[in-house]
Engineer: 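Could you have a look at this structure, given as structure tokens, before my questions?
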Amino acid sequence: MLAYVIRRLLHAIPILVGVNLLTFTLFFVVNTPDDMARMQLGVKRVTPEAIEKWKAERGYDKPLLFNGNAEGAARLTRTIFFEKSAKLFVFDFGRADDGRDIGHEIRTRMGPSLAIALPTFLLGLFVTVSFALLLAFFRATYLDFWGVVLCVAMMSISSLFYIIGGQYLVSKVWHLVPISGYAGGLDAARFLLLPVLISVVAGIGSSTRWYRTIFLEEIGKDYVRTARAKGLAEAAVLFRHVLRNAMIPILTGVVVVIPLLFMGSLLVESFFGIPGLGSYTIDAINAQDFAVVRAMVFIGSVLYIVGLLLTDLSYTLVDPRVRLQ
Amino acid sequence: MMPVVLWTDALVFLLLAAAVGAGFQVRRRAYLLASWRRVGESRAGMAALLVLLAFAAIGLLDSLHYRPRLADANGRPANGYSTEVRSALDALLRPLRNAAEKTYSAPLATHLYARETVEQPDGTQVRLFPRLKHGGAHLRDADAEWGGDVTWRVLRGLLIAVLAGLTFAFAAVHVAARRWGVRRAQAWRNIRRGETRLAWNAALLTAGLLLLVAGPAVSLAGGYHVLGTDKVGQDVLYLTLKSIRTGLVIGTLTTLAMLPFALALGIAAGYLGGWVDDVIQYIYTTLNSIPGVLLIAAAVLMVQVAIDTRPDWFATAAQRADARLLALCLILGVTSWTGLCRLLRAETLKLRELEYVQAAQAFGAPAARIMGRHILPNVMHIVLIAVVMDFSGLVLAEAVLSYIGIGVDPSTISFGTMINTARLELAREPVVWWSLVAAFTFMFVLVLAANLFADAVRDAFDPRLAGRRNAAAVRERP
Amino acid sequence: MSLLRVESLRTSLEGASGAVRAVDDVSFEIAAGETFALLGESGCGKSMTALSMMRLLPDAGSIAGGRVMLNGRDLLALPEAEMRTVRGREMAMIFQEPATSLNPVLTVGRQIGEVLARHTPLRGAAARRRSVELIEAVGIPDAARRLDEFPFQFSGGMKQRVMIAMALAGDPALLIADEPTTALDVTIQAQVLEQLGALQRSRGMGMLLITHDLGIVAQLAQRVGVMYAGELVEVAAQEVFFAAPRHPYAQKLFAALPLPERRGRALETIPGSVPLLNRPFAGCRFVERCAQAWPRCREEPPAWHAAAAGQAVRCHLYDRASGLRHRESGVPVQASDTRCCAAGPSLPVGSGQEAGAALLEVSDLRVHFPIRRGVLRRTVGQVRAVDGVSLGLTSGRTLALVGESGCGKTTAGKAILQLIEPTAGSVRYRGNELTALSAARLRALRGEMQIVFQDPYASLDPRMRVGDIIEEGMAALGTAAATAQRERRTAELLERVGLSADMRGRYPHEFSGGQRQRIAIARALAVAPRLLVCDEPTSALDVSVQAQILNLLKELQISLGLAYLFITHNIAVVEYLAQAVAVMYLGRIVERGSVEEVLGSPQHPYTQALLSAVPRLDAAQRREVIVLGGDMPSPARPPAGCHFHPRCPRAMPQCAARYPDETLLGATHAVRCFLHG
């Protein structure tokens, strides 16, 4: 077990190195810092001096990989690669264009992101699994048919519509909760209710349909027939036998996203003015703040790899075949 | 005029040619034909297919681009061509395109949506809702005549739609009767009751509904802004119709861009195994580990820098916007091939152990030949299902990405840019709802049709569902 | 009063091509304590009959009519809630696939306890005690501990015992066993059948045994019902039936069995295939395939006729008024012992006795698969799938490689053809050392060695036309360069294997299992091989189809001088087809020799147990079944010494010390056992 975890962690290293090299190539090789400076300064203000100043302010005024002007180890460390990319490994993200420390910003913004993402995740899982179970119980009836139709219709609606429409209806027409904003402590609930609700509703269609397919696949298996042959009632068959087996693909499918919950949701946070990591990312994209985008890419892949690890571990929890072998 | 072939146009028509070629292949292969028949047997599938075809026709019209000849001050043709690139659809919709108002106007309105200070002939200034320049301009007394005119136009449109529909249905019945060798009344009865192999009744019904919507819309569009105008006075119906091509291009070319990677790498990883498998798995795990939106954001930002800092690359703004659209397709493709690649690898691992592959190995057939002749045809159904399933997701993704600002060029008309420019309109008093509603409705219809069609395709091609289909062929072990 | 009475049961399945009458007017009775066997080939509706009785049909199925009277109550009329009190309590069922029929994520104890909780007042400790009793009763050792284990920790045979324990937990009056041992190896089958028979006798249960295996019927059943195309066609007491089956279909089933006394003769086959059941029948369903049919058979569905005491047949031949005449006029009806009367056309005895040129010489072949563990994926062990196999084969002869699943026989076959790289050892084919050949030289020899696989559904590429499938080898090896030449050869081959040349343009899914196997044989023959490895080519086929394939193989061997390495677990096929036998156990050959030597006087305890475990039709031929304890160990951890000693009834101390060397008992007969050292 421990050897397994260690092996998975060792596997993560080359992947993180790959991510790092990829972002380095994207941000510094495809376009040189000069290009970025020109773009940010705008056509009118581009002068060689302005570009040099822009680069010096951000620490881009160094060679990419090898600094021939420096001495000793500094030949490698006083480079863009070392200072901007390699330092990501120790979670040193540097400063954003507005001069703030990105690491600090990330730490303070995780809370609000999680405050939305976690309830959304839990409530969404509960609602969709229950709904899918209901459809599976009434399979091949009108309820099932129209349920699936509803799911297909719901998944054909843009998530933007859920947000815009929900905000308009609940906040503007009915005046039930504030349109946007955020507050700490218990007050947060007022602001969180609507975004959570909207996120859950937006996810119902596709998830329910997927879970329903999993349930139906399990229901078709031989052991379900065995359970019925014992004289068990349909509800007992569904909850004791089918649900437990179906939870294996369901759980392992959702566990991978749990760490990514920290990243928040881009759309919801920006629409509702929640000061989380999602809105941070979107602001950075709009302001073309490459340092922040780079940091978020790296954190995202770290969290994804943690998610993969959790997935493997969760297999051992829910599936005795994996646990005991 | 000078024809212009944008990159995406070329690829769209390449795709069309490939689809036609594939159609001929299907006709020659009984097993493929049987699967496609099953798609045709599904009512939802047929209806969705018809809707998609209507959208595709608009998209294809909008992919025939040209640059009109410049006109001199007197309107006579001059030397040289305009830098503005137009499409056949633009030419067709010229009345809508040119009928720009000053700012917002509600659907079918005759007056602007906002009060303006207008100077009266006598020099006094009043704040009122001015008449539109185009919408309802043919009415002398807008308030009195509007109701009658709209009703008349709707009725005229409906009448034309009904006539067209009947003609179409009659032609269909006639052809069907000839092919089946029955009398026309019998053919009609068969179609109406759904007693045909393919779900022709659903197709005819959908065609009828489309006509019933299109007829009045066309009729009204001659004199009004059917879906109103947006902030800068552009006709919303025109914008929505133009958005269709962008959606279709994103939905199809993205998949086209990723297919070669996914196919080659997925099959190679699964069949060859060993270090090839390790390398390919490493590549897709790495790409997968970066959250999609961020990877797209990073890549799009970089492409944007590249395009913006090199204005000399493109002759026209349309070409620049097109390059960005194509780049978006490629980026979306590169970030989304991993899922299909993983599926194909898993399936190839299964196929590799099958006995017909081993039989080929027993003949000493080289690996490339086995992958090409045995593996590839047996994974194509997965590819097809993935392609049609991805389509709707990509159309939805375009809207979100454009909203975030990492989608298409702001000058490209798309559902995303429409929503993005209109997003604050719900906060206005009074509410401007029509741009959003139009964009969301068209997108919903397109995505719903794509989803229903994808379901029909999956049901027809997925061998795992085949068992449920032929529950009768229950086989016991001997 | 009988325990169970099924009256005119009719079940239909909704399918793509309309409603299929899977069960049509089936009636039978089972008395308390009696075992009634439903016998039939695949698709005849025997499983559907059982599922209809349990009312556990798949979603597409529905019961169209009839009554199922259990203890005087009509089950089909019960509301679903009440039916649930019947399932598992009055009537329990065990299924064919133990591997998938148990819930993988619940412990065995819980799955048994569930039945106790549902149908008995036992709870808690009392329920657990009862579970332990049940587990012990089905012969699982260390019951208390194993109760807390999950199904995957049990072997196939043990899983089926758990299924039986679960079925017995409700103390049912009637047990339905649907092909209970089909998925099991023959020695394990013997264990489970014995246990099942003993339990049934001691509890006085009624049992409905569903099977395709005449041997199992002979061993367990008191009465037999034969099903064909959804109908029962013959019902008889077991002894009467085996003495003289009356229905022409039943007679053909017997005649198609490969038996030692039929060596050298073609087996009887049933022409044609089972009719589709999605249409009504005007006459007898068997008429198209029946050699004794007369016009009335097409016009009028036969009624039941009594043929002998306790034997009823649904056939016009036994109509007292008219049938007799037809029986007498020419067509023979085997009235007495069918088994000796199956007179197919006699085949000339192959070059069995003349020693052909040595074709294949395998010595000390080993195939090991590494097991990797730990952080660095170090190799911590080897799965010794094939561990020192030596055998020889001359042209025109058949060597049968016999063993149970997991013994490495298929791996050995593939390693001989170099489809799997051998770890060590030598494979000499006509003087060429295959393991040392370059890829190009090996490719040149590929055409001479071909393989026919087990699963006719997986062995043909569904996306290729039959013509392309057959031409594939010729194209890959360049044996027939010109297209026209290839097409001519394809047409010839199709005719050769008993299909028609115009089938070239069709796709595999249009063919039945037997036809597909013929195509697979044609594909192998296309490159004119001398050696054909047949990997269980008939084990997925029904008996009557198996007979066709065996006939074809035999005939091809004689006319083309092919050598067969015949990999199988089916002793009857070996007796019929092979000249030499090698018995494999856990990666090694434990006994080899001619068929007469090995099957006639087996010397290795494993061979003896294996042969005794095969269910025989004839009470006289039946040996005392040597029931082996336990299961075959994993080839990753073979027992020290003789691999067989932990299960061997005659093990000695030295057996655990080292593996015995080969002892020659005759010119060709060799055994690896200390009893003969």
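In the text below, chain A, chain B and the rest are named by the order of the sequence lines, each starting its count at 1.
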Engineer: Under 4.5 Å from any heavy atom of chain A, what part of B:Leu301 do you find: side chain, backbone, both or neither?
Structural biologist: side chain

Engineer: Out of curiosity, B:Phe415 CZ to A:Leu160 CG, how far, rounded to the nearest 0.5 Å?
Structural biologist: 12.5 Å

Engineer: Only pairs of heavy atoms separated by less than 4.5 Å count here; which of A:Met263, A:Gln167, A:Arg294, A:Met155 has the most with chain B?
Structural biologist: A:Met155

Engineer: Relative to chain B, which segment of A:Ser158 carries a heavy atom at a distance below 4.5 Å: side chain, backbone, both, or neither?
Structural biologist: both

Engineer: Are the side chains of A:Ser159 and B:Val400 in touch, meaning some heavy atoms are under 4.5 Å apart?
Structural biologist: yes

Engineer: Where does A:Leu22 contact chain B at under 4.5 Å (heavy atoms): side chain, backbone, both or neither?
Structural biologist: side chain

Engineer: Quick one: of A:Val297, A:Ile305, A:Ile299, who has the most non-hydrogen atom pairs under 4.5 Å with chain B?
Structural biologist: A:Val297

Engineer: Please report the shortest heavy-atom distance between A:Lys172 and B:Arg428, naming the atom on each side.
Structural biologist: NZ-O, 3.2 Å

Engineer: Return the CZ to CZ distance between A:Phe271 and B:Arg423, rounded to the nearest 0.5 Å.
Structural biologist: 6.5 Å

Engineer: With a 4.5 angstrom heavy-atom cut-off, could you sort out which part of B:Ile404 is near chain A: side chain, backbone, both or neither?
Structural biologist: both

Engineer: Working to the nearest 0.5 Å, report the span between OG1 of B:Thr286 and CD1 of A:Ile15.
Structural biologist: 5.0 Å

Engineer: Contact part of B:Ile419 toward chain A, heavy-atom cut-off under 4.5 Å: side chain, backbone, both or neither?
Structural biologist: side chain

Engineer: Mark yes when over 12 heavy atoms from residues, nucleotides or ligands other than A:Phe298 sit less than 6.0 Å from its CZ; otherwise mark no.
Structural biologist: yes

Engineer: Once you round to the nearest 0.5 Å, how far does OG1 of B:Thr285 lie from CG of A:Leu308?
Structural biologist: 7.5 Å

Engineer: So for B:Leu446, is it side chain, backbone, both, or neither that comes closer than 4.5 Å to the heavy atoms of chain A?
Structural biologist: neither

Engineer: Search all heavy atoms of A:Asn286 against all heavy atoms of B:Gly405 and return the closest pair with its distance.
Structural biologist: OD1-CA, 4.3 Å

Engineer: Please indicate whether A:Lys55 has more than 12 foreign heavy atoms, meaning atoms of other residues, nucleotides or ligands, lying under 6.0 Å from its NZ.
Structural biologist: yes

Engineer: Please look at A:Phe27 and chain B and tell me whether the side chain, the backbone, both or neither of the residue comes under 4.5 angstrom of a heavy atom of that chain.
Structural biologist: both

Engineer: Just wondering, more than 12 heavy atoms not from B:Arg43 lying within 6.0 Å of its CZ?
Structural biologist: no

Engineer: Give, as side chain, backbone, both or neither, the part of B:Tyr282 having an atom under 4.5 angstrom from any heavy atom of chain A.
Structural biologist: side chain

Engineer: Quick one: which of B:Leu287, B:Val395, B:Val431 has the most heavy-atom pairs under 4.5 Å with chain A, could you say?
Structural biologist: B:Val431

Engineer: Does A:Ile164 reach the side chain of B:Phe440, with side-chain heavy atoms less than 4.5 Å apart?
Structural biologist: yes

Engineer: Compare every heavy atom of B:Pro291 with every heavy atom of A:Ser301, then report the nearest pair and how far apart it is.
Structural biologist: N-CD, 3.9 Å

Engineer: Grab the two heavy atoms, one from A:Ile285 and one from B:Ala297, that are nearest each other, plus how far apart they are.
Structural biologist: CD1-CB, 3.4 Å

Engineer: So for A:Leu266, is it side chain, backbone, both, or neither that comes closer than 4.5 Å to the heavy atoms of chain B?
Structural biologist: side chain

Engineer: Heavy atoms only: give me the nearest B:Ser289-A:Val19 pair and the separation to one decimal.
Structural biologist: OG-CG2, 3.3 Å

Engineer: Does B:Phe314 CZ have over 12 foreign heavy atoms under 6.0 Å away?
Structural biologist: yes

Engineer: For B:Asp455, which atoms come within 4.5 Å of any heavy atom of chain A: side chain, backbone, both, or neither?
Structural biologist: side chain

Engineer: Using a 4.5 Å cut-off on heavy atoms from C-beta on, say whether the side chain of A:Phe28 contacts that of B:Met302.
Structural biologist: no

Engineer: Do you know which of B:Asn451, B:Leu396, B:Leu452 has the most heavy-atom pairs under 4.5 Å to chain A?
Structural biologist: B:Asn451

Engineer: In terms of heavy-atom proximity below 4.5 Å to chain B, should A:Thr23 be classed as side chain, backbone, both, or neither?
Structural biologist: neither

Engineer: Looking at B:Ala298 and A:Leu26, what are the two nearest heavy atoms and their distance?
Structural biologist: CB-CD1, 4.1 Å

Engineer: Please determine whether the number of non-hydrogen atoms from other residues, nucleotides or ligands lying under 6.0 Å from atom OH of B:Tyr104 exceeds 12.
Structural biologist: yes

Engineer: Measure A:Leu267 against the heavy atoms of chain B and call it side chain, backbone, both or neither at under 4.5 Å.
Structural biologist: side chain

